[in-house]
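Working notes, structure below.
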Amino acid sequence: MIDLKFLRENPEAVKQNMKNKFQEHKLSMVDEVIELDAKARRTQQEADELRASRKKLSKQIGVLMGQGKKEEAEEIKAQVNAGAQRLAELEALERELSEKVTNIMMAIPNMIDPSVPIGPDDSCNVEIEKFGEPTVPDYEIPYHTDIMEKFNGIDLESAAKVAGNGFYYLMGDIARLHSAMTTYARDFMIDRGFTYCIPPFMIRSNVVTGVMSFEEMDAMMYKIEGEDLYLIGTSEHSMIGKFIDTIHSEEKLPYTLTSYSPCFRKEKGAHGIEERGVYRIHQFEKQEMIVVCKPEESKVWYDKLWQNTVDLFRSLDVPVRTLECCSGDLADLKVKSCDVEAWSPRQKKYFEVGSCSNLGDAQARRLKIRVRGQDGSKYYAHTLNNTVVAPPRMLIAFLENNLNEDGSVNIPTALRPYMGGKERLVPSTN
RNA sequence: GGAGAUGUAUCGAAGUGGUCAUAACGAGAACGACUCGAAAUCGUUUUGCCUUCACGGGCACAUGGGUUCGAAUCCCAUCAUCUCCGCCA
């Protein structure tokens with residue numbers, strides 16, 4: 001959500017930003033919201049005047065009643081009543097207008113960073129940098145579920161019976177590998193100064209609308225029947241929600257947190273053949289990082305955040321690259337974002353394993369996350385989030401890149417303490 | 001899940017239909033005075049939002065509704081906290 005004052009003063013910039021994001025259909029919203037806002041302020045002014053006079057007259061009634069001057073009091077009551085109907089109309093109008101303004105403001109995309117490449121969709125995303133050599137071995141790399149099956153590590157069939165498509169049972173070494181990933185990632189981030197946190201896995205609707213757009217909400221969030229609760233799609237939701245309606249002193253910033261949670265996603269729509277197995281599922285676990293900082297520091301933190309993920313994947317011998325989201329592929333709330341993609345020697349291409357975003361002050365404005373400066377002034381904080389690791393997807397990258405010709409899987413040194421010291425996993429014989 | 005109580009400034013807390021919500025009273029904090037310095041004492045300051053060029057005006061007593069000329073106060077709903085009971089990893 002952008003600042004209404006900014007929009008009022010820079011309508012052309014807001015429109016240009018929409019064009020850059022290929023959202024021409026939203027252009028009319030700018031003039032519409034300016035008009036509604038002007039009307040809302042006029043309405044408020046008139047209503048305020050009526051409220052002021054009512055307040056004054058009501059006080060007089062109190063005084064007159066105290067003095068026992070009933071008739072004079074009744075006269076003034078009549079005066080108040082005369083304005084009451086107009087006030088009621090205005091108050092209804094105030095509510096209606098401010099609701100309309102908010103609804104439109106929620107749909108107006110955040111101003112993107114000047115560095116964001118312009119393009120209509122993900123085909124225009126730009127590779128920024130490669131880390132590690134993307135190699136293809138001269139033996140065949142099977143589909144990830146086939147690798148897992150060699151270890152008796154996955155049971156999709158039972159999961160389908162129990163919960164339906166999009167769920168999985170992980171077992172034995174593969175399940176252990178999964179847990180090792182989150183634990184390793186947790187310690188990795190703690191070592192880099194982040195505070196570990198386990199958040200609520202369900203959140204109220206006001207938090208949901210604070211952290212994401214309506215379209216995202218509809219496409220992603222599972223609602224608990226009969227309660228005002230949603231299963232989180234990522235711990236970012238409850239972690240940013242943690243700061244709802246707070247004012248922080250400048251010297252305490254930044255807050256750097258790393259959180260663990262299961263994630264639940266509807267994943268509406270059809271998915272391709274490469275998205276079978278554990279690639280796109282309704283439930284997975286994730287180690288996340290979030291930062292709440294001063295506006296001038298968010299760019300620096302953005303670069304630090306994705307670098308953490310790159311370093312983690314490199315420590316597990318997985319080649320990765322960063323891919324910058326172009327304007328059209330950028331979610332409306334985001335100022336800038338990039339994906340960290342892992343190399344798939346089987347597909348001979350990179351695939352998404354994490355996403356790093358700078359939200360600017362958009363979430364902060366919706367959720368009222370503010371900073372009190374040294375001079376007492378208040379301003380909105382900036383928020384960022386990034387995936388440390390989401391194990392099912394990480395497992396795909398990990399297994400494919402660490403698979404040997406004989407079917408065994410290397411355990412990189414960094415991960416061994418979390419895998420009982422094993423140097424490699426060997427497939428089961430039965 | 002059941003019963004009861006509570007929700008007001010940084011904290012404790014008074015106010016139970018008007019004429020003290022820039023919120024009594026107490027504490028804490030900041031600044032100043034006194035002091036060689038400190039303690040004590042005295043004085044001043046100590047929420048946020050909307051609107052207006054400004055003066056000013058409005059809103060907020062957990063949240064949302066309702067009653068009323070007027071609500072912190074009365075009514076309803078929701079949320080949270082505490083105590084007791086029940087259930088439970």
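Each chain gets a letter, A, B and so on, in the order the sequences are listed, and its residues count up from 1. Here the structure is a predicted model, which is why all the values come from computation and not from measurement.
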Side chain of [X] only, please: which of [options] is the nearest?
X        : options             : answer
A/Lys55  : B/C50, B/C59, B/G18 : B/C59
A/Val80  : B/C69, B/G48, B/U51 : B/C69
A/Gln44  : B/C49, B/A80, B/G57 : B/G57
A/Arg370 : B/G48, B/A80, B/C69 : B/G48
A/Gln45  : B/U52, B/G48, B/G58 : B/U52
A/Arg41  : B/G57, B/C79, B/U52 : B/U52
A/Lys5   : B/G18, B/U51, B/G48 : B/U51

Roughly, in whole Å, what's the span from [atom1] in [X] to [atom2] in [N]?
X        : N     : atom1 : atom2 : answer
A/Glu94  : B/U51 : CD    : C1'   : 10 Å
A/Lys59  : B/G57 : NZ    : P     : 11 Å
A/His248 : B/U10 : NE2   : P     : 15 Å
A/Ile76  : B/U19 : CD1   : P     : 15 Å
A/Arg95  : B/C59 : CZ    : C1'   : 13 Å
A/Glu91  : B/C59 : CD    : C1'   : 11 Å
A/Leu93  : B/C50 : CG    : C1'   : 16 Å
A/Asp228 : B/G64 : CG    : P     : 15 Å

Q) Aromatic rings A/Tyr255 and A/Phe243: how do their planes relate, parallel, tilted or perpendicular, breaks at 30° and 60°? A)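 Judged by the thresholds at 30° and 60°, the geometry between A/Tyr255 and A/Phe243 is tilted.
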**Q.** Parallel, tilted or perpendicular, as decided by the 30° and 60° cut-offs, for the rings of A/His282 and A/Phe167
**A.**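 Because their plane-to-plane angle lies in the 30° to 60° range, the rings of A/Phe167 and A/His282 count as tilted.
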Q: May I ask you to check if A/Arg276 and A/Tyr143 form a cation-pi contact, with NZ or CZ under 6.0 angstrom from the six-membered ring centre and within 45° of the axis?
A: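 Pair A/Arg276/A/Tyr143 counts as cation-pi.
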[N] to [M] separation - [atom1] atoms, rounded to the nearest Å:
N     : M     : atom1 : result
B/U47 : B/A30 : C1'   : 16 Å
B/A60 : B/A21 : C1'   : 11 Å
B/C11 : B/A24 : P     : 15 Å
B/U81 : B/U8  : C1'   : 15 Å
B/C42 : B/U35 : C1'   : 13 Å
B/C74 : B/C61 : C1'   : 16 Å
B/A23 : B/U44 : P     : 14 Å
B/G26 : B/A33 : P     : 25 Å

Q. Of A/Ile61 and A/Arg8, whose closest RNA chain B nucleotide lies nearer the 5' terminus?
A.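 The answer here is A/Arg8.
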Q | First encountered from the 5' end of RNA chain B, between A/Ala47 and A/Asp37 | A |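 Of the two residues, A/Asp37 wins.
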**Q.** Side-chain-base donor-acceptor pair under 3.5 Å for A/Asp48 and B/G58
**A.**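 Such a pair does not exist between side chain and base.
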Q. For the ring pair A/His237 and A/Tyr230, is the centre-to-centre distance below 6.0 Å?
A.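 Ring centres of A/Tyr230 and A/His237 not closer than 6.0 Å.
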Does [X] have a side-chain nitrogen or oxygen under 4.0 Å from the phosphate oxygens OP1 or OP2 of [N]?
X       : N     : result
A/Arg42 : B/U51 : no
A/Arg54 : B/A71 : no
A/Lys77 : B/G70 : no

So what's [N] paired with, Watson-Crick or G-U wobble, going by both distances under 3.5 Å?
N     : answer
B/A60 : B/U47
B/G4  : B/C82
B/U41 : B/A33
B/A13 : none
B/C20 : none
B/G70 : none

Q | Residues, nucleotides or ligands: over 12 heavy atoms within 6.0 Å of A/Lys223 NZ | A |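 More than 12 heavy atoms, drawn from other residues, nucleotides or ligands, come within 6.0 Å of this atom.
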(Q) If you count heavy atoms of other groups shown closer than 6.0 angstrom to CG of A/Asp191, is the number above 12? (A)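 Enclosed: over 12 neighbouring heavy atoms sit under 6.0 Å from CG of A/Asp191.
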Q. Which part of the nucleic acid does A/Arg372 contact within heavy-atom distance under 4.0 Å: base, sugar-phosphate only, or nothing?
A.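 A/Arg372: backbone/sugar contact only, no base atoms under 4.0 Å.
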Q: Look at A/Arg95 together with A/Glu91 and state whether they make a salt bridge at an N to O cut-off of under 4.0 Å.
A: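 No, this pair does not count.
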Q: Kindly indicate whether the side chain of A/Leu316, heavy atoms from C-beta on, has any atom under 4.5 Å from the side chain of A/Tyr184.
A: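 Contact flag for A/Leu316/A/Tyr184 side chains = yes.
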